[in-house]
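See structure below.
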Amino acid sequence: MKTIIEPFRIKVVEPIRITDRATRAGVLSAADHNLFRVRAEDVTIDLLTDSGTAAMSAQQWSAMMQGDESYAGSRSFFRFEAVARDLTGFRHVIPVHQGRAAEKILFSIVGGAGKIVPNNSHFDTTRANIEYTGATALDLLIPEGKDPTALHPFKGNMDLEGLENVLRTHGRERVPLIMLTVTNNTGGGQPVSLENMRAVRAIASRHGVPLLLDACRFAENAYFIKLREPGQGGRAASDIARDMFRLADGCTMSAKKDGLVNIGGFLGLNDDDLAASARNLLILTEGFPTYGGLAARDLEAMAEGLGEVLHEDYLNYRFVSTAYLGQHLVEAGVPILLPVGGHAVYLDARRFVPHIHPEKFPAQSLACELYLEAGIRGVEIGSLMFGGKNPRTGAVRAPAMELVRLAIPRRVYTQSHIDYVIEAILEVHRNREAIRGLDLVWEAPFLRHFTARLRPA
Ligand code: F0G
């Protein structure tokens, strides 16, 4: 059959609210033009994030009933640990409540003033947790990854020459570890090839620096490798994922993405000393190492989800449905980041609303307009999220791109929801010249996009 269907049927439904334009205008202004400030019940289609928003399977829900809520030595922990170890190969699997908790623990140990942490592109929480310790978060993406129109199969790849230079100049005294984010969320959900990972691994080994994956979307990255990397097409996504993890010395993992859960994550490590320090901090901030800030039922759901996410029917449907959105926008001439990423379609605001001055938050303005038009909530990944000043050094930062991310929650929306999104974006595109920019009225020192207040310029 040519038609790719959702490989599930729906057992539980959740109503969504259809609002009118006047209501949405009121909501937007009460929220100071910050979509993080909008109540979810005022949103019709919520594409703010694919994180923690997945629909869980009947198997996950039933596994949750098996949760052993013992404080220490829970059976659920050992089940989860076995699954995560089998997948990643890491000796130590340290559960945390979400990805940034793993980042906070990791960089509290290896960060600090003078340290430099290279990545293909740091996600905002990773960057913030590094900078909070006084260290520098360095993005080293290949040039194609910064050009929204460049067609390259692995736009998440690390700039190998740049990495080699950083290590040659600063050495392992200043570079405590190298990270690779798979897929590269900030750069458009773009994958990293196995070939690039092997090359990064070789550089890391040569300089004696560990390599850690930011593995939130490991399954999507593995499927991209299967679809695009020469020689990988005949392999199972689960085998490719295992290869990816085995090139690294550890990972931070937000299971809220490819763990198919609403909360959860883990820190994976091979280094015994680092793991011991991490467990000490874990006890301080998250909880005992056999639950790490989670209920045991969450560990059960993660154990199940980490397997389900690698089912090829699921991955095929996920890729086809995300590409469907992208394809319809491209055909209508809407500028998006290409190729379409794994978990989201990214509108390219610099080309969508070129008349809005870069200092007037073009991507945020576009995101607000889409909400106003149809109650669709996306997220700005541009100058509001990544611009402003480094809170410690005061250096002014400029984002590489100005994007609105439409992230697709896993197993949540059907094709008719996506058709509605397409219709709304085409309407906004037709009327794009009327969209006005925004002024920033208030900002917090860290991660300002979550709480910023703006008003029409
Ligand atoms: N790394 C990446 C690449 C991420 O996308 C995220 C979260 C994190 C780390 C942090 O994980 O939220 O569990 O603490 N991304 C979400 C998003 C928030 O919307 O893309 P967390």
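Owing to the predicted nature of the structure, the values given are computational and were not obtained by experimental measurement. Read the numbers this way: they start at 1 and go in the same order the structure lists the ligands and their atoms.
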So which bit of Arg100 gets within less than 4.0 Å of ligand 1, heavy atoms only: side chain, backbone, both or neither? both
Where is the nearest protein heavy atom to atom 10 (C) of ligand 1: which residue, which atom, and how far? Thr125 OG1, 3.4 Å
Any N or O of Gln98 that comes nearer than 3.5 Å to an N or O of ligand 1? yes
Assess whether atom CD of Glu69 is packed by more than 12 heavy atoms of other residues, nucleotides or ligands within 6.0 Å. yes
Flag yes if more than 12 heavy atoms outside Glu195 fall under 6.0 Å of its CD atom; otherwise flag no. no
Can you check whether Phe319 and Phe224 have ring centres sitting under 6.0 Å from each other? yes
Closest to atom 9 (C) of ligand 1 among protein heavy atoms sits Glu103 OE2, 3.1 Å
Provide the number and element of each atom of ligand 1 under 4.0 Å from a heavy atom of Lys256. 13 (O)
Do His449 and Asp124 pair up side chain to side chain, a donor and an acceptor below 3.5 Å, judged on atom types alone? yes
If you measure from each heavy atom of Cys216 to ligand 1, is any distance below 4.0 Å? yes
Identity of the nearest option to atom 16 (C) of ligand 1, non-hydrogen atoms only, from Arg405, Lys257, His343: Lys257
What protein heavy atom lies closest to atom 8 (C) of ligand 1? Include the residue and the distance to one decimal. Phe123 CD2, 3.4 Å
Quick note on ligand 1: atoms under 4.0 Å from a heavy atom of Ser51 include exactly 16 (C)
Could you walk me through whether Arg411 and Glu6 pass salt bridge (charged side-chain N to carboxylate O under 4.0 Å, His left out), step by step? CA-CA 8 Å; Arg411 308 190 289 207; Glu6 286 89 356; over 6 Å; no
Tell me whether ligand 1 is touched by Arg217 - counting only heavy atoms on the residue side and a distance under 4.0 Å. yes
Counting heavy atoms under 4.0 Å, the part of Met179 that contacts ligand 1 is neither
Strictly under 6.0 Å, is that where the ring centroids of Phe77 and Tyr291 end up? no
Within the supplied structure, the quantity of interest is the number of heavy atoms (other residues, nucleotides, ligands) at a distance under 6.0 Å from Arg351 CZ; does it exceed 12? yes
Could you walk me through whether Asp50 and Arg410 pass the salt bridge (charged side-chain N to carboxylate O under 4.0 Å, His left out) test, one step at a time? CA-CA 7 Å; Asp50 62 321; Arg410 293 168 181 78; 2.9 Å; yes
Taking only heavy atoms of Gly99 into account, list the atoms of ligand 1 that are under 4.0 Å away from them. 11 (O), 13 (O), 14 (O), 21 (P)
More than 12 heavy atoms of other residues, nucleotides or ligands under 6.0 Å from CZ of Arg85: is that the case? yes
What residue and atom, counting heavy atoms only, is the protein's closest point to atom 13 (O) of ligand 1, and at what distance? Ser254 OG, 2.6 Å
Looking at every heavy atom in both Ala374 and Tyr420, which two are closest together, and how far apart are they? O-OH, 2.6 Å
Close N or O approach (Asp214, ligand 1; < 3.5 Å): yes
Could you list which atoms of ligand 1 come closer than 4.0 Å to a heavy atom of Thr181? 3 (C)
